[in-house]
Novice: 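My questions will all concern the structure given below.
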Amino acid sequence: MDINIKIVDQIDCTRVYEDLSHPGSGGVCVFIGSVRNTTANETVNELFFEAYEAMAISEMEVIAKEATAQWGLNKVIMHHAIGTKKIEEPVVLVGASSAHRTACFEACRFLIDTLKERVPIWKKEFFDNKKVWVTPHP
Amino acid sequence: MDINIKIVDQIDCTRVYEDLSHPGSGGVCVFIGSVRNTTANETVNELFFEAYEAMAISEMEVIAKEATAQWGLNKVIMHHAIGTKKIEEPVVLVGASSAHRTACFEACRFLIDTLKERVPIWKKEFFDNKKVWVTPHP
Amino acid sequence: MKIHFFGIAKEIVGSSELDYSALEFPKTVAGLKVQLLEQYPKLQELSSLAVALNKKYATEEMELSQNDEIAIIPPVSGG
Amino acid sequence: MKIHFFGIAKEIVGSSELDYSALEFPKTVAGLKVQLLEQYPKLQELSSLAVALNKKYATEEMELSQNDEIAIIPPVSGG
């Protein structure tokens, strides 16, 4: 089991294959979440991310271990950025490395979905004339 | 529509985010296929890939356009390597960039599945005492 | 005894940290939530409000003690 | 008239290219396949054998002409 978890100021996407490649893996699946220029048809200028860092890391570890056990992964990576992020900047990078491709695709989707549900990180959206903490309503 | 298709001697995974990021995209999904050290419990030493290059590129274009239309993608990338590839080397890189994550995950899976079905590229496996062209049997 | 606040909860409370004396401090996670929701009614507008005890999500019946690291977790929105 | 072979088909035929005179050349994709399977029975062992006409998969009834780029596509195994 090889788990690589970080809260960073800037996501580095250039090392992702180095971080996930493994002699026993035939496939690596990676998801990168980035700042989109609109949300609900309004123009977004930038985002700000805040984390409860120690807990975010321990929650990501739980998620990574769960994924490793369920899909028999060789490697997992989960990086999340904090601070101000401009349009097109990466804010989250998750990835899984496995013998066959179905496992890494399913695991990668689980990593990002579960991160979004459980990991204590908050996003504030900056528009032209307002800024709001994103709080999903039921 | 922004489609990036190549047959290369070596896959470069370091530029994947540069190649796929887009101001209108909130998510990028990437799959990298690599050389695994075993196949059906036998030790593999290396692989050799051969392509009918002009047709492979035109087939990949068809697949990329199909995915773009079906999932409303902002960018698509499909790179395949040819020649001799050692264990842990990347051999194929496909990725999709879209507003929301479900689209890029589904599109990325479609890209690799359809590439494996249709694109005229062939793999030879080198074992200790034999080498065989991989020919999926029904 | 300190409680940490994040995101919109920090904004509602007006601080990233509140200090409680040992006396007024509630005994359980449920008690803490009742107390906070009374004191800061705007917290009631959130779709959820979780409490973390020592960096883990806590259940309502868990008991709080002096040395716990306590944090208020409004709806998360990472990724 | 030339036909290109790849992968295991190239190995079975023993060459990456075969040259046909205009006379003996079959008129359709189906005809070409029949001719090749007779000449190289080992090709029958493959799970599929496709023909590409001018860099696109061809259907059985398509007609072949002098200037076509023709290729034999054994089961692909990229990725």
Side-chain angles (χ1 to χ4, degrees), chain B residues 5-8 11 31-36 39 44 47-63 78-83 85 90-95 108-125 130-138, chain D residues 1-20 28-30 32-33 35-79:
Chain B
I5 286 173
K6 278 184 198 162
I7 299 281
V8 293
I11 299 280
F31 175 80
I32 302 159
S34 51
V35 183
R36 196 157 64 98
T39 188
V44 172
L47 298 181
F48 175 80
F49 287 90
E50 171 175 294
Y52 177 14
E53 207 166 316
M55 182 179 169
I57 288 189
S58 96
E59 280 294 314
M60 287 196 279
E61 273 166 6
V62 170
I63 295 168
M78 299 182 85
H79 293 176
H80 203 297
I82 50 174
K85 298 293 148 208
V91 302
V92 62
L93 169 72
V94 298
C108 188
R109 183 69 201 255
F110 170 84
L111 293 174
I112 185 63
D113 286 358
T114 316
L115 179 150
K116 280 171 175 275
E117 270 167 30
R118 276 184 7 202
V119 176
I121 297 177
W122 299 271
K123 177 177 12 210
K124 195 171 194 168
E125 288 172 334
K130 63 177 175 184
K131 44 190 181 187
V132 289
W133 285 104
V134 177
T135 55
H137 286 286
Chain D
M1 214 176 232
K2 276 178 188 161
I3 307 181
H4 302 275
F5 294 86
F6 294 94
I8 195 166
K10 180 174 70 179
E11 213 158 279
I12 290 171
V13 167
S15 171
S16 65
E17 226 175 85
L18 285 184
D19 221 338
Y20 278 71
T28 62
V29 167
L32 172 62
K33 283 174 76 170
Q35 195 166 316
L36 284 170
L37 291 168
E38 265 173 28
Q39 223 167 333
Y40 305 99
K42 279 216 123 199
L43 290 177
Q44 298 172 21
E45 293 169 21
L46 302 179
S47 60
S48 74
L49 194 70
V51 173
L53 216 55
N54 304 316
K55 307 181 188 74
K56 288 198 170 69
Y57 285 106
T59 55
E60 300 277 314
E61 68 281 6
M62 283 185 179
E63 289 182 16
L64 306 175
S65 82
Q66 290 280 358
N67 303 314
D68 287 335
E69 181 175 327
I70 300 169
I72 301 305
I73 313 283
V76 301
S77 53

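Since this is a predicted model, take the numbers as computed values, not measurements. Throughout, a chain's letter reflects where its sequence line sits, starting with A, and its residues are numbered from 1.
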Novice: Would you mind checking which part of K56(D) comes under 4.5 Å of any heavy atom in chain B, side chain (CB onward), backbone (N, CA, C, O), both or neither?
Specialist: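 The backbone, not the side chain.
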Novice: Sub-3.5 Å donor-acceptor pair from the side chain of T114(B) to the main-chain atoms of I63(B), do we have one?
Specialist: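 No, because the side chain of T114(B) does not come within donor-acceptor range (under 3.5 Å) of the backbone of I63(B).
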Novice: Quick one: what part of V91(B) sits under 4.5 Å from any heavy atom of chain D, side chain, backbone, both or neither?
Specialist: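 Side chain only.
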Novice: With the side chain counted from C-beta on, respond yes when F49(B) and V92(B) share a heavy-atom pair under 4.5 Å apart, and no when they do not.
Specialist: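 No, side chains not in contact.
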Novice: Which of parallel (below 30°), tilted (30 to 60°) and perpendicular (above 60°) describes F5(D) and Y40(D)?
Specialist: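 Taking Y40(D) first and then F5(D), their aromatic rings stand perpendicular (interplane angle over 60°).
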Novice: What option among S34(B), S58(B), P120(B), A56(B) has the most heavy-atom pairs under 4.5 Å with chain D?
Specialist: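 The candidate making the most pairs under 4.5 Å is P120(B).
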Novice: Measure E117(B) against the heavy atoms of chain D and call it side chain, backbone, both or neither at under 4.5 Å.
Specialist: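 Backbone only.
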Novice: Using the side-chain hydrogen bond (donor to acceptor under 3.5 Å, both in side chains) rule, pick out the option among E69(D), H4(D), K55(D) that qualifies with Y52(B).
Specialist: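 Among E69(D), H4(D), K55(D), the one meeting side-chain hydrogen bond (donor to acceptor under 3.5 Å, both in side chains) with Y52(B) is E69(D).
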